[in-house]
Amino acid sequence: MDNIFIEGQNPLSGSVKISGAKNAVLPIMTAALMAEGKSVITRVPNLRDTRTMIRLMEIVGATCTFEDDKLIIDGSTVNNPEAPYDLVKTMRASFYVLGPLLARFGMVKVSLPGGCAWGPRPVDFHLKGLEKLGAKITLESGYILAEADRLKGTELSFEFPSVGATGNIAMAAATADGTTVIDNAACEPEIVQLCEYLNLMGASIHGIGTPKLIIDGVDKLHSANIEVIPDRIEAGTFLTAGALLGEITLEDVNPKHLDTVLLKLKEAGCGITTTKSSITISPADSIQAVDMTTAVYPGFPTDLQAQWVALMTLANGSSVITDTVYHDRFSHVPELNRFGANIKLENNTAFVRGIDELIGAPVMSTDIRASASLIVAGLAAKGQTVVSRVYHIDRGYEKIEEKFRSLGANIWRKNPVT
Ligand code: UD1
């Protein structure tokens, strides 16, 4: 199995191109299943999760071609509305086929995702939303079976602005009979892009980017092309490394998507300059401790909480970091403490007392973002770090060690992924 090796404390400099966003491309791919014909999606990151989603597309019958960063999905051949356990258990985002396939075929069978490394992660909002749209939902041997001749527009309000549930319900409602109003909808840029894509396919969605989505159902969607937005989480990960290790520039990024993160980095003492599509960060002489609480967009993303904890381990002073979106998402804490960090965990809050130096250590990846925080810590630590179970990082980061190497880091992989 692959390991990532890091000889820490090499200064970083130069520029790096940010890839297309994983969390945007996955639902866009499932939306493409709603139409006959070829959809061309560009700036698709070559990730384990994108490849898993392509396998799922093929299982349901779509014809896919993936070359460089261009993915062509032909939805004309889709004929098997079923997402098997083997795939759903490795990638929860497979659940995104639920709404689109139900809308197109009047039935869909999707394995229940189950728990994950950071908590139970229920799907009740998705199911309640589909029921409100008129679907009959039953559980059969671990599979959700959803059925409806044609979904009917409705009004619903999420208890929490779930990204996945907003995406699934928006796709299902796009071809429902009548108008659907979703209150307390997610406003994340990835959901904005999904809704814009649905509109390119012929849907009629209004209020995009606000907590109230109004979806006027249309009879049919057609195929459409789109370029995926930049990955703000990959960008944020590189920013935390730059904050510790040297001035770097991120290219092909949307700084607006990172407003809150950039403010926090400034508070920590970093220099930030932006253009329309780039961000340059210069490190602080000494990183200041800054408290942080995750929140839904435009708040600080939970997907950057682990990396922020890593940054704060080397801050001047103590910080309090709370995750309000995923309360159990702290598997990186014991691993960061293996570097000598001083982090105590109480419920959904990490109390970080900054120290002068981290010391490289063997550590283990537990999920995508926890892995990223271990890489950031390893790059900043003295001596060698070995990160094991790196398949987690490959789910969400394209060529991470190549990108960091191009910035001057001493990082390599023992058995390169083919
Ligand atoms: C997506 C992202 C993930 C990110 C998360 C929050 C993708 C593929 N994944 O995950 O990287 O960390 O948004 O920004 O885009 N909840 C329920 N019931 C539900 C659905 C959600 O209780 O039916 C709760 C969750 O347990 C969690 C909160 O709502 O506490 C937010 O979850 P959600 O926004 O749905 O996250 P995902 O879409 O799974």
Side-chain angles (χ1 to χ4, degrees), residues 1-12 117-118 236-246 248 264-265 268-270 283-284 286-292 303-323 328-346 349-393 396-397 400-401 403-405 407-414:
M1 206 182 291
D2 290 341
N3 288 333
I4 285 181
F5 290 76
I6 305 168
E7 249 340 292
Q9 296 191 336
N10 264 23
L12 301 184
W118 31 285
T237 304
F238 276 94
L239 289 173
T240 51
L244 291 167
L245 288 153
I248 58 170
K264 285 283 173 194
L265 286 164
C270 300
S286 143
I287 295 283
Q288 295 309 302
V290 177
D291 296 344
M292 188 280 284
D303 283 350
L304 287 173
Q305 177 258 107
Q307 300 87 318
W308 192 258
V309 173
L311 175 61
M312 287 298 113
T313 62
L314 288 167
N316 183 12
S318 296
S319 54
V320 179
I321 295 157
T322 302
D323 201 319
D328 299 326
R329 192 176 202 182
F330 286 99
S331 59
H332 44 287
V333 165
E335 296 303 306
L336 288 172
N337 281 341
R338 291 176 54 77
F339 290 93
N342 184 343
I343 315 168
K344 296 212 163 43
L345 194 56
E346 247 176 64
T349 299
F351 296 88
V352 187
R353 185 168 292 174
I355 57 169
D356 289 340
E357 194 166 61
L358 298 174
I359 308 291
V363 288
M364 194 172 77
S365 265
T366 47
D367 72 57
I368 306 177
R369 308 307 171 186
S371 316
S373 79
L374 300 180
I375 289 189
V376 171
L379 291 170
K382 184 177 177 184
Q384 194 175 83
T385 291
V386 183
V387 186
S388 56
R389 300 204 181 163
V390 298
Y391 51 83
H392 289 292
I393 201 127
Y397 288 87
I400 188 160
E401 70 277 22
K403 287 189 181 185
F404 272 122
R405 242 189 343 257
L407 295 171
N410 194 355
I411 176 170
W412 68 99
R413 183 185 290 255
K414 200 137 180 220

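Throughout, residue positions are numbered sequentially from 1 according to the sequence presented. All of these numbers come straight from a predicted model, not from anything done at the bench.
Counting all heavy atoms, side chain and backbone alike, G378 lies closest to T385 at CA-OG1, 3.7 Å. The two residues T237 and T240 come nearest to each other via the heavy atoms O-OG1, 2.7 Å. Nearest heavy-atom pair across V290 and W308 is O-NE1, 3.3 Å. Residues L12 and G242 approach most closely at CD1-N, 4.5 Å, considering heavy atoms. Here the closest non-hydrogen pair linking G340 and I355 is O-CD1, 3.2 Å. Considering every non-hydrogen atom in both H332 and Q305, the closest pair reads NE2-OE1, 2.8 Å.
R329 pairs with exactly one of D303, D323, D367, T366 by the side chain to side chain donor-acceptor pair (under 3.5 Å) rule, that one being D303. Put simply, the residue from V390, N3, V387 that forms a side-chain contact (heavy atoms from CB on, under 4.5 Å) with R413 is V390.
Atom CG of residue N342 and atom OG1 of residue T313 lie 10.0 Å apart, to the nearest 0.5 angstrom. From L407, atom CG reaches atom CG of L245 across 10.0 Å, with rounding to the nearest 0.5 Å. Between I343 atom CD1 and L336 atom CG the span is 4.5 Å, to the nearest 0.5 Å. To the nearest 0.5 Å, atoms CG (L239) and CG (L244) are separated by 11.5 Å. Summarising the geometry, atom CD belonging to E401 is positioned 9.0 Å from atom CD1 belonging to I393; distances are rounded to the nearest 0.5 Å. Atom OG of residue S331 and atom CE of residue M364 lie 8.5 Å apart, to the nearest 0.5 angstrom.
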Open item on the list: Before you tell me yes or no, could you show the steps for M312 and I287 under side-chain contact (heavy atoms from CB on, under 4.5 Å), namely the whole-Å CA-CA distance, both residues' side-chain angles and the distance that decides it to 0.1 Å?
Closed with: CA-CA 8 Å; M312 287 298 113; I287 295 283; 4.0 Å; yes
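With contacts defined as side-chain heavy-atom distances shorter than 4.5 Å, the pair E335/S365 does not qualify. Contact annotation: the side chain of Y397 approaches that of I368 to within less than 4.5 Å [non-hydrogen atoms, C-beta and beyond]. Residues L311 and V376 are not in side-chain contact: their nearest non-hydrogen atoms beyond the backbone lie 4.5 Å or more apart. Side-chain contact between L314 and L358 is present, with at least one heavy-atom pair separated by less than 4.5 Å. For the pair E357/Q9, a side-chain contact is recorded, criterion being any heavy-atom separation below 4.5 Å from C-beta on. Side-chain contact between D291 and S319: present, with at least one pair of heavy atoms (C-beta onward) separated by less than 4.5 Å.
The closest donor-acceptor contact from the side chain of R369 to the backbone of L304 lies at 3.5 Å or more, if one exists at all.
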